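One structure is given below, encoded as structure tokens.
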2 protein chains.
Amino acid sequence: MDSYDPGDFPPFAVTVDVVLLTIRDGRLHVLVIERGAAPYAGKWALPGGFVRDETLDAAALHELAEETGLQPGRGPLARVHLEQLGTFGDPDRDPRMRVVSVAYLALAPDLPDPAPGTDAAAARWSPLPVTGLAFDHDTILAAGLDRARSKLEYTPLATAFVPEEFTISELRAVYAAVWGEDLHAGNFHRKVLSVPGFVEGTGETTRRGGERGGPRAKLYRAGDATLLHPALLRPDREEAVR
Amino acid sequence: MDSYDPGDFPPFAVTVDVVLLTIRDGRLHVLVIERGAAPYAGKWALPGGFVRDETLDAAALHELAEETGLQPGRGPLARVHLEQLGTFGDPDRDPRMRVVSVAYLALAPDLPDPAPGTDAAAARWSPLPVTGLAFDHDTILAAGLDRARSKLEYTPLATAFVPEEFTISELRAVYAAVWGEDLHAGNFHRKVLSVPGFVEGTGETTRRGGERGGPRAKLYRAGDATLLHPALLRPDREEAVR
DNA sequence: TTAATAGTGTCTTTCAGACAATATTAT
DNA sequence: ATAATATTGTCTGAAAGACACTATTAA
């Protein structure tokens, strides 16, 4: 088949769609935009757009910046984690024509409220769960959540959700928000510190204790590990095994 | 951006490329084809082709059948494991035009020698490592190997490399071939049997012992687990952590 | 003073990995 | 008989998770 000229084949449109997750007020949120035009006008969807003369990663970053109204690679977007999630290309996923969408997962610390992009009617952070999105975006979002939940186990990705300097409790709150269950504070604390390269101390502490009392916590920043070993496994997942 | 008509954007060609791995003679092999036409005529490449009016998964399966000369979903191909690996779309990855390739990873038990497809000059099983492939196929292959190595740890995917009924030693040989290091026979044996749902006994044994002696081994088939818990971690991966 | 939180100590159970031992079979 | 292999046993150290405890701070 490779002897055919690619131009002989019916053309596809290629888009990127981004599942951008953040944590606000202790809950996991996803960035969604309200569609301003058909198809699915008035429905909410994941931010996305057509790929131009650029790499797929660049297209995703580009889309992220446009929908958040932030500078790519600078300020709050400088520390965004971005990874390819999967590609969705069922023949009928877009009623207009054959569109293949490369989905990305992005994780960010608490970002400002989004400024709607050029043709979205509105953009906002929506707390999970979220359903009823346009196209196959419910499926894409579910894939993003699965990926994020899973990667918290064996990578230091949780640090992508917190500011550059953070406390162990803040990190624990990330796990609680993403996994949807509280973790034992004492065991979590000891565990995080025991994994080589997960976090490194700054020598500083917070200025104040907690809202309702408690000592001032030590501050940490992300360490140099790319994999957590041993991993931080989710409690009791018997259900998930079969 | 979604208000634009997709047809207004420069068209892409979309292909699937498949990293099909199998184990022959205790070594990991990948299916490669020799390109019969430009670009890269005469070079080896991963099997692949343009996506027609079908889902991406169907296109991959289709391509697999074509390049192996086997019936899709029947016979040896019935038990093939197929999963999406990632999408590669750098603007210059194909000199002819903008081509986005959705890569798939496929794992199969020992298959017959391939029959070259319609326009490949040749097709063969090539023992790893393999380098010098056309396009960005070295990168795609590396991604496939990473994925396979990693998934053997926490999924029962190793069973995709063995016949329907197999011995624990055959399963251990899969791990050895994919990870490139031998595992302790006794510990592996006990470990595999201790993971719920990984394998289930058939009550049968092999007809003969090993080539050079030894008792007849019990036969097993794949169990109903989709995740291994606890996982079978690769020995000593300190290097990989940072 | 009271309550909340950070951080540490201890114990039990599970698991990984090293090593040994026994039984079975091809040659 | 000999060597190879399957399978099981035992031990040690790492790690997970339950629980308790102390110290510090906001209100």
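Nothing here was measured: the structure is a model prediction, and the numbers come from that model. Per chain, numbering begins at 1; letters A, B, ... match sequence-line order.
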Taking all atoms of both residues into account, what is the closest heavy-atom pair of Leu46(A) and Leu141(A), and its distance? CD1-N, 4.3 Å

For Arg172(A), report the nucleic acid contact type (base, sugar-phosphate, nothing); a contact means any heavy atom under 4.0 Å. sugar-phosphate

With a 4.0 Å limit, can you tell me whether His189(A) has a side-chain N or O closer than that to the phosphate oxygens OP1/OP2 of dA6(C)? no

Distance check, rounded to the nearest 0.5 Å: Leu232(B) atom CG versus Tyr175(B) atom OH? 4.5 Å

Taking dA27(D), dA6(C), dT5(D) as options, the one with an atom nearest any side-chain atom of Ser169(B) is dT5(D)

Which is true for Gly214(A) with a 4.0 Å heavy-atom rule: it touches a base, it touches only sugar-phosphate, or it touches nothing? base

Does Arg216(B) have a side-chain nitrogen or oxygen under 4.0 Å from the phosphate oxygens OP1 or OP2 of dT25(C)? yes

5' priority, DNA chain C, between Arg212(A) and His184(A) [closest heavy atom]: Arg212(A)

Between Thr167(B) and Asn187(B), whichever has its closest DNA chain D nucleotide further toward 5' is Thr167(B)

Is the phosphate of dA27(D) approached by Arg208(A) (side-chain N or O, under 4.0 Å from OP1 or OP2)? yes

Any cation-pi pair here, Arg124(A) with Trp44(A), using under 6.0 Å and within 45°? yes

Taking only the side-chain heavy atoms of Arg190(B) (C-beta and beyond), determine which of dT5(C), dT7(D), dC19(C) contains the nearest atom. dC19(C)

Toward the 5' end of DNA chain C, by each residue's nearest nucleotide, Arg207(B) or Ala231(B): Ala231(B)

